[in-house]
Every structure is written in structure tokens, then in C-alpha cells.
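In what follows, a single structure is set out as C-alpha cells and then discussed.
When a ligand or atom number is given, it counts from 1 through the structure's own listing order.
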Amino acid sequence: MLRSLVPLAGALIIAACGGETGDTADAAPAVYNEAAAPAAEPSATASSAATAMASSDEDGDAGAILAALGGDYANADLTNGARQFRRCQSCHTLNEGGRHTVGPNLHGIVGRPAAPAEGFNYSPQLTEAGLTWDVETLDAWIENPRAMVPGNRMSFVGLRDAADRRDVIGYLAVETAD
Ligand code: HEC
């Protein structure tokens, strides 16, 4: 079936079809996720998405989103990611349109610019840092926010364990994909 498709298009369609019934990749409309689309390595995306889709549609989405993050993110443990996120939950909501509390709502955080102008009263330090939250930036922030942006207002000691950071970033990407 795949051989009849241009490889890249095939990978994107497969990455996209997690929300469909999953029976025919050829027929899936291209409602693909922004987070899953860029830089997806065709073979990696195709194989992990195909494996994940064999189990369930939801896993298919998650597999494609994680694969699109690159590197070791395809191996992120989302159960541990959810557990690690409990440390963030006292200050951050994740749901779309969720309230800003001590910290800003984190819906759609992966890939978006830091400290958007409206909504939350960010520190000048974070605003002026001019960051975009790609996975590398998020990793450095979560490891030690104070070292990365001195003077910012996130009072969080940091996650020292690299696998915990990978897992929580994967969780943020999967949970807040539109
Ligand atoms: C004690 C409260 C607190 C905890 C715990 C906390 N944060 Fe934050 N976070 C904040 C605050 C406050 C800011 C805004 C910082 C600023 O403006 O300087 C922030 C900012 C952020 C931002 C940047 C948001 C944006 O819109 O640019 C990210 C990403 C983030 N936090 C992720 C996390 C993650 C992931 C965790 C858990 C591993 C976590 N935070 C734990 C309070 C917290």
C-alpha cells in the first residue's frame, strides 16, 4: 500500500491519520497536527506511527507527535511525563483556554514564542530573553529556570534527571496538541 505513495506524503498521511478510523491510510484526509508535521523523518514517523496505530488511534497521534519532536523523544514515557507534570500543576494549567494561575497556561507551549504579550504578567527578564520554546529551550528551562533566565519569576528548583525532562516535554507536546 505504501509503495503507491510518494514516501514523504505517505509518512505525513500516516502521521495524520491517528484521529481517523485507521483502516485506510490512503483515504485519510490530511487533518494533520502542526506539531507532527515539520521535520518528521519519513521512515521514523511512518514506522512509529504505524506501530502505534496498530494499538489504538490515540496512541497513533501520540506516537507521531513524539516522533516529530526528534531525537530521543520517540521514547518518551508519557506516564512518567504525567507524573512529573504534577510538580508543575501547582502553578500551571494545561487545558486549552485554561486559567493563568501562579504561572501562565501552558496549552500549545511546544514551539511557541515565550512570554506572549497578552494574558499573563511575565517578568521583564523572560519577555526580553526573546525565546521560542523548542525542545532544547524547554529542556534547559525545566532543568534550571533560574540559570537559564536569571531574575525570572518561576520559582522552581528544576528537574535534574534528563529522562524526566524528556518525558514531561513529550507529555506537554501530546497533551496540548490541537
Ligand atoms: C511555583 C510555581 C511554578 C512551578 C512549580 C512551575 N512553574 Fe513554570 N512558570 C511559573 C511562572 C511564575 C512563570 C512565568 C515566569 C516569568 O514570567 O518570569 C512560568 C513560566 C513557565 C514557562 C514559560 C511560559 C511562557 O508562556 O513563555 C514554561 C514553559 C514553564 N513555566 C514550564 C513549567 C514546567 C514544565 C514546570 C514543571 C516541571 C513548571 N513550569 C513549574 C511558575 C511555576
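Here is the list of ligand 1 atoms found below 4.0 Å of a heavy atom in Ile109: 24 (C), 25 (C), 29 (C). For ligand 1, the atoms sitting less than 4.0 Å from at least one non-hydrogen atom of Ser155 are 1 (C), numbered in the order shown with element in parentheses. The atoms of ligand 1 that sit less than 4.0 Å from any heavy atom of Ala114 are 27 (O). When each atom of ligand 1 is checked for a heavy atom of Arg87 under 4.0 Å away, the hits are 5 (C). The distance from ligand 1 to the heavy atoms of Asn152 drops below 4.0 Å at these ligand atoms: 18 (O).
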Walk me through it: do Val174 and Asp61 pass the test side-chain contact (heavy atoms from CB on, under 4.5 Å)?
CA-CA 8 Å; Val174 169; Asp61 279 342; over 6 Å; no
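Around atom 8 (Fe) of ligand 1, protein N, O or S atoms at a distance under 2.8 Å total 2; waters are neither shown nor counted.
Contact annotation: for Ile142 versus ligand 1, heavy atoms closer than 4.0 Å belong to the side chain alone. With a 4.0 Å heavy-atom cut-off, ligand 1 is reached by no atom of Leu131. With a 4.0 Å heavy-atom cut-off, ligand 1 is reached by the side chain of Arg112 but not by its N, CA, C or O. Only the side chain of Leu138 comes within contact range of ligand 1, with a heavy atom under 4.0 Å; no backbone atom does. Contact annotation: for Trp133 versus ligand 1, heavy atoms closer than 4.0 Å belong to the side chain alone. Counting heavy atoms closer than 4.0 Å to ligand 1, residue Arg153 contributes atoms from both its backbone and its side chain. Heavy atoms of Leu126 found under 4.0 angstrom from ligand 1 belong exclusively to the side chain.
The closest approach between Val102 and ligand 1 falls below 4.0 Å for a heavy atom of the residue. Using 4.0 Å as the threshold, Gln84 has no heavy atom nearer than that to any atom of ligand 1.
Side-chain contact check for Val110 versus Ile65: every heavy-atom pair is 4.5 Å or farther apart. Residues Met148 and Leu131 have side chains in contact (heavy-atom distance under 4.5 Å, counting atoms from C-beta outward).
Residues Gly170 and Ala76 come closest through the heavy atom pair CA-CB, 4.4 Å. The two residues Pro124 and Arg153 make their nearest non-hydrogen contact at CD-NH2, 3.8 Å. Nearest heavy-atom pair, Leu69 versus Ala173, reported as atom, atom and distance to 0.1 Å: CD1-CB, 3.8 Å. Nearest heavy atom pair, residue Arg112 against residue His107, reads NE-O, 4.4 Å. Between Asp77 and Asp167, the closest heavy-atom pair is N-OD1, 3.0 Å. Between Trp133 and Leu126, the shortest heavy-atom distance links the atoms CZ2-CD1, 4.1 Å.
Ligand 1 has a nitrogen or oxygen under 3.5 angstrom from a nitrogen or oxygen of Ala115.
Asn105 and Thr93 share a donor-acceptor pair across their side chains, judged by distance under 3.5 Å alone.
The side chain to side chain contact (heavy atoms under 4.5 Å, CB included) with Leu106 is formed by just one residue from the set Leu94, Asn95, Thr176; it is Leu94.
Of the listed options Trp141, Phe120, Phe85, Tyr171, Trp141 places a heavy atom closest to atom 22 (C) of ligand 1.
Sequence neighbours left out, the pairs with a member in residues 135-146 that pass side chain to side chain donor-acceptor pair (under 3.5 Å) are Asp134-Thr137, Asp139-Arg165.
Shortest contact from atom 17 (O) of ligand 1 to any protein heavy atom: Ser123 N, 2.8 Å. The shortest contact between atom 26 (O) of ligand 1 and any protein heavy atom is with Tyr122 OH, 2.5 Å.
A distance-only check finds a donor-acceptor pair linking the side chain of Asn152 to the backbone of Pro145 [under 3.5 Å].
Residues that satisfy the ring pair (Phe, Tyr, Trp, His ring centres under 6.0 Å) test with Tyr122, not counting sequence neighbours, are Phe120. The side-chain contact (heavy atoms from CB on, under 4.5 Å) test applied to Ser90 returns no partner, not counting sequence neighbours.
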